[in-house]
Amino acid sequence: MTSLPHQSAWMTDELRLFRESVRQFVREEFAPHQDRWHEQLRPDAEAWTKAGATGLLLSDVDEAYGGGGGNFAYEAVVIEELARAGIPFGSSVQSIVAHYLRAYAGEERKRDWLPRMARGELVGSIAMTEPDAGSDLLGIKTTARRDGDHYVINGSKTFVTNGWHAGILCLAVKTDPKAVGPKGLSLIVVESAGLAGYRVGRSLEKVGRHGHDTCEIYFDDMRVPVSNLLGAKEGQGFFQMMEQLPYERLSVGVSAAATAEHAVAITTQYVKDRMAFGRPLIELQNTRFKLAECRTEAHVGRVFIDDCIARFLAGTLDAVTAAMAKYWLTDRACHIVDECVQLHGGYGYMAEYPIARMWADSRAERIYAGANEVMKEVIGWSL
Ligand SMILES: Cc1cc2nc3c(=O)[nH]c(=O)nc-3n(C[C@H](O)[C@H](O)[C@H](O)COP(=O)(O)OP(=O)(O)OC[C@H]3O[C@@H](n4cnc5c(N)ncnc54)[C@H](O)[C@@H]3O)c2cc1C
């Protein structure tokens with residue numbers, strides 16, 4: 001008895017071809033270097049320019065700005081292929097930064113920054129979290145004080161993905177430290193090359209996602225042109241984040257859904273191949289039942305994320321549904337991957353096995369892009 005493979009309604013022939021080229025690129029250009037990236041705690045700089053040349057970056061940004069000219073479905077394909085290959089590469093953070101710029105930067109700056117980001121010459125980071133403020137972003141302490149045509153920025157950020165290579169940062173700052181509530185918060189773009197007062201700290205050693213740079217960054221009387229403020233006036237940062245977070249949360253949901261599906265696929269193959277008590281593990285009823293549960297949950301996740309993608313493409317994905325996708329899919333992906341580790345036995349705990357790396361890598365998705373508890377608050381407030 002077999003089941004027909006699921007067809008996502010948003011999939012097209014052009015997207016299938018794009019998927020093939022992304023898959024080949026990831027297999028040939030990223031996979032062979034994973035040990036070195038792991039050791040150095042970041043990808044090679046050339047990985048970014050190669051990804052740009054292949055069309056992996058900014059696939060859903062208009063061609064006028066150097067992007068691929070596609071829609072979010074192209075971005076979803078890139079995220080899925082990286083998740084399936086088990087390679088945490090920061091292209092979706094690159095896209096998130098690009099979407100902030102596209103929405104709120106001036107035309108001249110967009111034409112300067114976005115094509116360089118699409119080519120991978122300029123690597124983007126989101127720098128919001130601080131040592132004392134993560135979920136509670138209104139508690140950030142990094143300040144930007146106006147001084148003529150510049151802002152003078154002081155403070156620090158942590159957990160900055162792509163931080164080592166970052167050439168352009170979307171930085172959350174307090175432009176009015178005395179303002180109560182969200183109005184004191186602004187987003188300012190920082191071009192880091194040769195910028196006095198900008199310093200990248202250490203690459204943080206994480207439990208997983210080792211080949212992906214996550215850094216601390218410091219700002220010491222760093223001067224940035226006033227024209228780098230995102231939006232027409234100060235104090236818009238929090239509202240801009242609220243507008244952009246559904247995109248980020250949807251992207252994380254896409255990754256989690258693909259991770260769950262891939263975990264089930266590789267574990268199914270493993271338990272067919274592995275023998276115990278004279279027969280393959282899949283002949284044990286518990287193994288079949290566990291995989292049946294995992295496959296069902298992964299399928300429910302696929303149907304849900306496909307609906308979210310379709311709604312995003314139609315311009316109707318609301319923030320609450322995006323929060324549901326981020327919370328539920330990352331939560332279920334971790335559960336499914338954990339069950340799959342168990343079905344692998346001791347090999348599931350060995351770092352050389354993909355399921356073990358997926359276990360460590362997927363755990364972060366319940367924390368970043370807003371902890372899942374914060375997602376439940378967002379959903380709860382809507383009730
Ligand atoms: C691998 C990785 C990459 C990251 N990349 C980036 C990046 O590129 N840019 C960036 O700015 N940040 C990044 N982050 C930071 C991430 O967004 C924060 O870690 C996250 O928002 C949580 O903030 P925190 O770590 O300060 O935890 P805290 O805010 O201290 O929260 C700790 C825990 O408290 C609970 N909690 C918090 N708020 C609530 C609430 N309202 N209700 C109920 N429970 C709550 C949750 O369980 C939460 O996990 C990254 C983090 C990781 C792990």
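Order of appearance sets the numbers: ligands from 1, and atoms from 1 within every ligand. All residue numbers in this chain count up from 1 along the given sequence.
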What about Phe159 and Tyr368, are their ring centers closer than 6.0 Å?
no

Ring center gap for Trp37 and Phe30 short of 6.0 angstrom:
yes

Indicate whether [atom] is within a distance of less than 4.0 angstrom of some protein heavy atom.
atom: atom 34 (O) of ligand 1; value: no
atom: atom 5 (N) of ligand 1; value: yes
atom: atom 10 (C) of ligand 1; value: yes
atom: atom 37 (C) of ligand 1; value: yes

Any ion pair linking [Y] and [X] (charged N to carboxylate O, less than 4.0 Å)?
X: Arg23; Y: Glu81; value: yes
X: Arg223; Y: Asp147; value: yes
X: Arg111; Y: Glu108; value: no
X: Arg19; Y: Glu80; value: yes
X: Arg16; Y: Glu20; value: no

Note the single closest protein heavy atom to [atom], along with its residue, its atom name and the distance in Å.
atom: atom 49 (O) of ligand 1; answer: Ala371 CB, 3.6 Å
atom: atom 30 (O) of ligand 1; answer: Ser135 OG, 5.0 Å
atom: atom 12 (N) of ligand 1; answer: Thr129 OG1, 2.7 Å
atom: atom 26 (O) of ligand 1; answer: Gly134 CA, 3.2 Å
atom: atom 43 (C) of ligand 1; answer: Glu373 CB, 3.5 Å
atom: atom 52 (C) of ligand 1; answer: Tyr368 CD2, 3.9 Å
atom: atom 39 (C) of ligand 1; answer: Val374 CG2, 4.0 Å
atom: atom 3 (C) of ligand 1; answer: Thr161 OG1, 3.4 Å

Numbering as shown, the atoms of ligand 1 that approach Ile367 to under 4.0 Å (heavy-atom distance)
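The list of qualifying atoms is 19 (O), 20 (C).
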
Which atoms from ligand 1 have a heavy atom of Ile126 less than 4.0 Å away?
7 (C), 8 (O), 9 (N), 10 (C), 11 (O)

Test side-chain hydrogen bond (donor to acceptor under 3.5 Å, both in side chains) on Glu28 and Gln24 and set out the steps.
CA-CA 6 Å; Glu28 291 174 3; Gln24 184 181 352; 3.2 Å; yes

Show your working on side-chain hydrogen bond (donor to acceptor under 3.5 Å, both in side chains) between Gln236 and Tyr104 and close with a plain yes or no.
CA-CA 10 Å; Gln236 298 302 298; Tyr104 311 116; over 6 Å; no

Which residues satisfy the ring pair (Phe, Tyr, Trp, His ring centres under 6.0 Å) test with His212, sequence neighbours excluded?
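Scan of His212 (ring pair (Phe, Tyr, Trp, His ring centres under 6.0 Å), adjacent residues dropped) gives none.
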
If we only count N/O pairs under 3.5 Å, is Met128 in contact with ligand 1?
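So ligand 1 has an N or O lying under 3.5 Å from an N or O of Met128.
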
Any N or O of Phe159 that comes nearer than 3.5 Å to an N or O of ligand 1?
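So ligand 1 has an N or O lying under 3.5 Å from an N or O of Phe159.
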
